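The structure presented is a predicted model; accordingly, all values stated were derived computationally and were not measured. The sequence lines fix the lettering, A, B, ..., with proteins before strands; numbering per chain opens at 1.
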Amino acid sequence: MNSLIAMIPSVLMIVSPILITAAGGMICERAGVVNIALEGLMGVGAFTAATMHYFLEPATSLSVWVALIIAGAIGLAVSLIHAFASISLNADQVVSGTGINLLSTGGTVFLAQIIFKMERTAPFRLGMMPGIGGIYPTAWIALVTVLVAWFVLYKRPFGMRLRACGEHPQAAASAGVDVRKMRYIAVMISGALAGIAGGCLVLTQTIQYTIYTINGAGFIALAAVSFGRWRPKGISGASLLFGTAVALSIYMVNIQSLRFLPSEFFSVMPYIITLITLVVFSGKEYAPRASGQPYERSGS
Amino acid sequence: MSDTKNRTKVDAIQKTGSASRLEKLFADQKAVSISVVLLGFICGTLLILLVGRNPAGMYSAMLQTLTGFDITRGSWNARYIGEWLTASIPLILCGLSMGFAARTGLFNIGAEGQYIVGLTAAQFIALYFPPVPGLHWIVAIAAAGLAGALWGGIVGWLKAKFAVSEVVATIMLNYIAFFFSRWSSMLIPGSNTYKTPNFPDTARLSSPLLEQLTNGSRLNLGLWIALLSCVVYWFVIEKTRLGFELRATGLNRDAARYAGIRVTRSITTSMLMAGMFAGFAGAAVALGSFSYGRVLGGYDNYGFNGIAVALVGNNSAGGTLISGLLFGMLASAQPLMQSRQIPKEITLIISGLVVVFISLRSGVKLFLDWKAKKVAQTQKAALDE
């Protein structure tokens, strides 16, 4: 039991990037755009943060924060490709997302080869420092992100309009909402959040960026959005559950009573749970109705 | 009199409304694929220039892969051609997997998972089936195809029966396949964390003739599997009733249902076939390029690159074959590029750019629609006068 409590900081460390990304993915899908590129955007963010922190570390003690902000900005910039293709050009959202994922793996390691002359970034000395109780500040970032996302989506007119774009864009448009603008904003938010999340991941869990740094965290976040039924409370629970499963797969060697299970058992849990949930809740309409469909202005 | 006047009007409309050169270019799928690939290479070349390297290195690496001729040393070695073809085999097969599903209107991101279960099944048969010469590898390939088909079929069934998004379901099943493969392969006695014991020779796809022809490359019988699969793909899609039903489902699901096609069955069948091709890819890699079973440490990414292959190949059998060879060339040229001071990830960037450009193609249609509308408006104005 003690070892389980001792695991809490580690669990929160793993949950935070997943939850931040999932919050972005949720906003994006609520506005009607599916973002398969979350994985790639996290990679871009992680690479940016690792690189920035490596260079700024000797200069300033605020280095991690600057690195995170720049990671968010670059994530946002790259997500514009997805926004332009899927919103302005009505492209297949899955195809453009897949393209960004391919570009991300190639682009980050390519740049690492140019900047650091190796297939990874040079290791930084110290990452982010844990705060009270050994909990990393990323946990607070994640908490604030979800609370703000909930408040804006459900308590502000802006959020209501954004959700309308994902449910019934034509109706939203006839009520005077600029559907394309709203969708652009949503994709950009998800890009920035995925970038920040990638930065959080690399600055807390490792000391450099390699192609294995993200290792499916973005896809887990995508799963958390579906499993959490596109709602802030849901995705928080899903991210916690999935993060715990990931943590168990890593730290289970320390836990006597679980040692008989293979670590793959915990690794595979998030994916099996999500698949089962998708089937069980398939008949009910939880997903935003217009998610994944391009919005074509009729008439005009 | 008024009749002839009307006719000239109609003629005028048809003349001005007929396809311009640009429209013709973008209506031609092959032309689009070629321009998209060229654009990808141009951007890649610019990127290399931008970071201060010499793009000639990339092109000489590609030339050496394609012809075996090393322009920097003036030597020739057929082994490079063999390695190029070997690298293309799984890409062609995964491209067929993606393409087959796409013809039915499905997006199969799951080729990676189907590839992994195929690979795992082939490895198990290779290690546990009695080593009968001539039969052993055939059984292994059949098992791989079956396993892949099952893995894809689950997705199709979930989609058809429960309307579960095939995109999310396949991503989940990719990871499930990966961890399942790791776990089950490590259970084999004598396995460590990265490999199982060696296969008997009867399970291997090695072909002395092909090896001899290509100066000892790893080229193997998988080549014939890939080519045969292309033929099967073409035949099923273009020449059979089943293929017609699948294509009809892909073009318009409601219309197909109205015409009496069992759409749910089409979706499941399509994913079954798609999974089978990816399963073959797994077998071709497991038994062709390795003499032992692998405990996978990560994705091989053939399934994901198959998406790019199929998109460039326009989901047709011949197109997928050619684009598979193209992407195989890029993959196989990687080490040569690295040795010429070109970061090998440039090939991934080019593939990614090609996929992004293909997704932008829908924009051209928007532009043409807008232009056609303009033309129609001016014509209407002219007629009204």
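- The residue among A:L275, A:V94, A:T274 with the most heavy atom pairs within less than 4.5 Å of chain B is A:V94.
- Closest approach of B:L360 to A:A85, counting heavy atoms only: CD2-CB, 3.6 Å.
- For A:Q93, no part sits under 4.5 Å from any heavy atom of chain B, backbone or side chain.
- If you measure heavy-atom distances from A:I81 to chain B, the contacts under 4.5 Å come from the side chain alone.
- For a residue to count as touching a neighbouring chain, one of its non-hydrogen atoms must lie under 4.5 Å from one of that chain's; by this rule B:L158 touches chain A with the side chain only.
- For the residue pair A:F219 and B:M172, the shortest heavy atom distance occurs at O-CE, 4.2 Å.
- In terms of non-hydrogen atom pairs under 4.5 Å with chain B, the most contact-rich of A:H82, A:M269, A:E119, A:Q113 is A:Q113.
- Here the NZ-CD distance, from A:K117 to B:Q341, works out to 10.5 Å after rounding to the nearest 0.5 Å.
- In terms of heavy-atom pairs under 4.5 angstrom with chain A, the leader among B:I349, B:V356, B:N305, B:I342 is B:I349.
- A pairwise comparison of heavy atoms in B:I176 and A:V268 identifies CA-CG2, 3.6 Å as the closest pair.
- At a 4.5 Å heavy-atom cutoff, the contact between B:Y175 and chain A is made by backbone and side-chain atoms alike.
- For chain A, no part of B:K161 is nearby; none of its heavy atoms comes within less than 4.5 Å.
- In this structure, A:F265 and B:F179 have side chains that are not in contact, with every pair of non-hydrogen atoms separated by 4.5 Å or more.
- A:S96 touches chain B through backbone and side chain together, each having a heavy atom under 4.5 Å away.
- Residue B:F41 places its CZ atom among more than 12 non-hydrogen atoms of other residues, nucleotides or ligands, all under 6.0 Å distant.
- The side-chain heavy atoms of B:I171 and A:I36, taken from C-beta on, include a pair separated by under 4.5 Å.
- Comparing A:G216, A:S226, A:S104 by heavy-atom pairs within less than 4.5 Å of chain B, the highest count is held by A:G216.
- In this structure the side chain of A:F110 reaches within 4.5 angstrom of the side chain of B:V51, judged on heavy atoms.
- Counting all heavy atoms, side chain and backbone alike, B:E345 lies closest to A:G106 at CB-O, 3.3 Å.
- Using a 4.5 Å cut-off between heavy atoms, B:I109 touches chain A through its side chain atoms alone.
- Around OH of B:Y194, the count of heavy atoms belonging to other residues, nucleotides or ligands within 6.0 Å does not exceed 12.
- In terms of heavy atoms, B:S359 sits closest to A:V95 at CB-CG1, 3.8 Å.
- Heavy atoms closer than 4.5 Å to chain A are found in both the backbone and the side chain of B:A169.
- For B:I350, no part sits under 4.5 Å from any heavy atom of chain A, backbone or side chain.
- Distance OH/A:Y212 to OH/B:Y299: 13.0 Å, rounded to 0.5 Å.
- Of all heavy-atom pairs between B:R182 and A:E264, the closest is NE-OE2, 3.2 Å.
- Put simply, of A:G97, A:A112, A:S88, A:P262, the one with the most heavy-atom pairs under 4.5 Å next to chain B is A:P262.
- To the nearest 0.5 angstrom, A:L103 atom CG is 9.5 Å from B:L348 atom CG.
- No other option in A:I100, A:V109, A:V34, A:T108 has as many heavy-atom pairs under 4.5 Å with chain B as A:V109.
- For A:F84, the part lying near chain B is the side chain, with the backbone staying farther off; criterion is any non-hydrogen pair under 4.5 Å.
- Taking OG1 from A:T98 and CD1 from B:I358, the interatomic distance works out to 11.5 Å, rounded to the nearest 0.5 Å.
- Contact of B:L353 with chain A is made through backbone and side chain together, with heavy-atom distances under 4.5 Å.
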